[in-house]
Amino acid sequence: MNILGLGHSENEANLTPASDGPDLVYHKCMAIARNMWWSWHPEVVHLFRDIDPVRWRELDHNPIALLREFTPETLAYRAGERVLHSRINYAYRRLGEYLNSPNTWAHTHAGVLGSKPVAYFSAEFGLHESLPIYSGGLGVLSGDHIKSASGLGIPLVGIGLFYNHGYFKQRLSADGFQSEEYIEHNIENLPLTPARTASGSPFIVTLDTRSGELHAKVWKLAVGRVTLFLLDSNFEGNRPEDRELTSRLYGGDERTRIRQELLIGVGGIRTLQAMGITPGAYHLNEGHSAFATLEAMRFKMVEDGLSIEDAQREIANATLFTTHTPVPAGHDRFNPDLIEEHLGPLRDGLGISHEHLMSLGRVNTADQREPFCMTVLGLKLSRRANAVSQLHGHVSRRMWRPLWPNREETAIPIGHITNGVHVQSWLAEQMLQLYDRHFPAHWTTHMGEPGVWQSIHQVDPGELWETHNALKNMLLAFVRRRLARQMGQRHETQENIDLAMRIGNPSALTIGFARRFATYKRANLIFSDIDRIAAIVNDTARPVQILFAGKAHPKDEPGKRFIQEIANFRGDSRFAGKVIFIEDYDINVCRHMIQGVDVWLNNPRRPLEASGTSGQKVILNGGLNLSILDGWWAEAYDGSNGFAIGKGTSHADDRITDSRDASNLYEALEKQVIPMFFDRDQDGLPAAWIQHMRNSISTLAWRFSSHRMVMDYARMGYVPASGGLSSSMP
Ligand SMILES: *Cc1c(COP(=O)(O)O)cnc(C)c1O
């Protein structure tokens, strides 16, 4: 009976009434809510929403929190009232079919992976706004990766940390300054169950350090066919300070970080062992988890009696390492004392000296002052390493060339696999329906292939434009709601709040900019020449409005000043109502923005944006990119599928780069973007613009999908690492 009996939801077994009584209705809804699969199926999302639309919104779109407000009887009553029974049954049946379907891409293309899964390590996973264990792009990428692995049927388990305060909620004060608020999750409202050992008891990881033991409990989360294990140090046996260790993402000092990284890497390998999982390949998504290689080596030595050299070779053969940033602060470095305190016992197990261990994390192994770098460890202990865009590949090879002093730069063994996004998670339902009407049947199973997307050229321009405008109006309605709430929280006058409800011009060219407020992303570049941008947004014949969102890292003062500068434009009559800052950027805010904007602006200081992914989400929904030729856009732009800022050059002097990029940005807006958007034919349609939309969708949607990305990882990484035939990385 229980087709979802994968052990993910032990609290719901043995419910087998003959017909759909209240208990069974409740059981089915809970079973759906306890697999994140629901979150990328709009009809299932809407099913939960329709149970109680107001509470749905108030509860951050969390179906478990919503269901827990009902008893089986009140839920069954509500389902009857709102005619939800057949929708519940349909969703439940589809989930069961999805979990049990044997016909997957991996079944035919990655059979060698067989029963030995890929172990995918990442410090954050951005799956949905109701599960805030992510801070930004890296997390969302990991989330999209495991969703696509599930969709493609690639046997994969994820390893991460459970942050019970997550990342912070952002509020701006009256003067526009960011404050951070951490909210403790109620685990009962999350789809987590304790990971159990074969004997049925909850599994606890125990790690030895020179300063005592460190423990973690482990949660299990179902993401479609993929299981994600999340380590959580909030365990009674830990010292009080260690119970806090995993409470926040990227909080605390270096010692907190190395202890978190010990948990994810070494604790992660121990967890796999305890769960009886023998990985065929290890994928380290960024350096945070690179200690995993050392523990995997130690295990090989114990288990197979290998020498350290042989163990190292075998583990490196099975390991893929992905580096994500050329920004130096993005690479963790630890001093020798911290390494000895935390890796000392593991080093004893490997039978190596302190200097030997340190050398694995040093570029110059003879330099005793060089700290231990996690990226260096990742590069040294993996046979396959990659950057996340073509340009980032070049930058990374140059950056890490000192590790291979005898090689030419082009022969540095770091390839690239460009990032992509999970189409079903970011595609608006209205666009999904449009594609369903015009694309080949079962197109979603082939969305990583170019052919299916060509059908967009057959879609009537008016239909595409109308769909886009409906989405734009939904975005503006969302913006008004959020503005009213933000102003209410700041106790602004009712008059102001009423004003907010009239903000947003549906016929204005709407530009979106949302991402972390790291200074290299230059959120304020468009304000370099205030008079020029004021003239642009105040042109009554061709109005423009700009929506901003994003958080600055709590310790990033310059980033916070960028936010303040932009937020305070609300008090400037030239920009009030036309430059809008939406607080508390998260997956939900991102989804609304990328589904409704006309143009997505991206102007990092080249080449610091390794890839970027938010602009890829825009493509699917018919928005156009206006971007510096950096990251993924450098290989995506072809002159007819969006807009470029500048020509892909940068100056050694940042000030010169910045002023050059700013004038190129204004130029692109004034000469290309705005004229094309407002050039309407006799039907009121911007024909050239719509052609760009179709080109953008047909040339880019498949390439920058996470299905294509994960297929690349499988072919060039997972399969050869597991002992299958290789196709090499570009
Ligand atoms: C997609 C996404 C990002 C990544 O944005 P970049 O383009 O890489 O800057 C960051 N945060 C959230 C919430 C996202 O959904």
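As the structure lists them, so they are numbered: ligands from 1, and atoms in each ligand from 1. Predicted, not measured: the structure shown is a model, and the values here were computed from it.
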- Message: Parallel, tilted or perpendicular, judged at 30° and 60°: which one describes the rings of F575 and F527?
- Response: perpendicular

- For F517 and A523, which heavy atoms make the closest approach, and how far apart are they? CE2-CB, 3.4 Å

- Side chain, backbone, both or neither: which part of V140 has a heavy atom under 4.0 Å from ligand 1? side chain

- What's the shortest distance from atom 6 (P) of ligand 1 to any protein heavy atom, and which residue and atom give it? S614 OG, 3.6 Å

- Task: Below 4.0 angstrom from a heavy atom of G612, which ligand 1 atoms are there? Numbered from 1 as shown, please.
- Result: 7 (O), 8 (O)

- Note on the structure: For G136, the atoms of ligand 1 under 4.0 Å from one of its heavy atoms are 10 (C), 11 (N)

- For atom 13 (C) of ligand 1, what is the nearest protein heavy atom, given as residue, atom name and distance? D586 C, 3.6 Å

- Query: Which residue from H324, K617, K551 reaches closest to atom 3 (C) of ligand 1 through any of its heavy atoms?
  - Reply: K617

- Considering all heavy atoms, the nearest R34-A222 contact: O-CB, 4.0 Å

- Numbering as shown, the atoms of ligand 1 that approach I587 to under 4.0 Å (heavy-atom distance): 13 (C)

- Is R171 salt-bridged to D584, going by a charged N under 4.0 Å from an acidic O? no

- Going by atom types only, do N386 and Y713 share a side-chain donor-acceptor pair under 3.5 Å? yes

- Item | Atoms in ligand 1 flagged as close to R515, the criterion being non-hydrogen separation under 4.0 Å | 9 (O)

- Of K521, R516, E609, M593, the residue with the heavy atom nearest atom 9 (O) of ligand 1 is K521

- If you have a sec, work out which protein heavy atom is nearest atom 11 (N) of ligand 1 and how many Å separate them, to one decimal? Y585 CE2, 3.5 Å

- To the nearest 0.5 Å, what is the distance between CG (L547) and CG (L475)? 5.5 Å

- Query: Hey, is W426 one of the residues with a heavy atom under 4.0 angstrom from ligand 1?
  - Reply: yes

- Close-contact set for ligand 1 against C590 heavy atoms, below 4.0 Å: 14 (C), 15 (O)

- Chi angles and distances behind the side-chain contact (heavy atoms from CB on, under 4.5 Å) call for L624, V673: CA-CA 10 Å; L624 295 181; V673 180; over 6 Å; no

- What pairs of residues pass the side chain to side chain donor-acceptor pair (under 3.5 Å) test when at least one of them lies in residues 552-561, not counting sequence neighbours? E180-K560

- Message: Quick test: of every protein heavy atom, which one is nearest to atom 10 (C) of ligand 1, and how far off is it to 0.1 Å?
- Response: G137 N, 3.4 Å

- Per-residue contact class, V589 against ligand 1 - non-hydrogen pairs under 4.0 Å: neither

- Heavy atoms, side chains only, cut-off 4.5 Å: are L172 and Q486 in contact? no

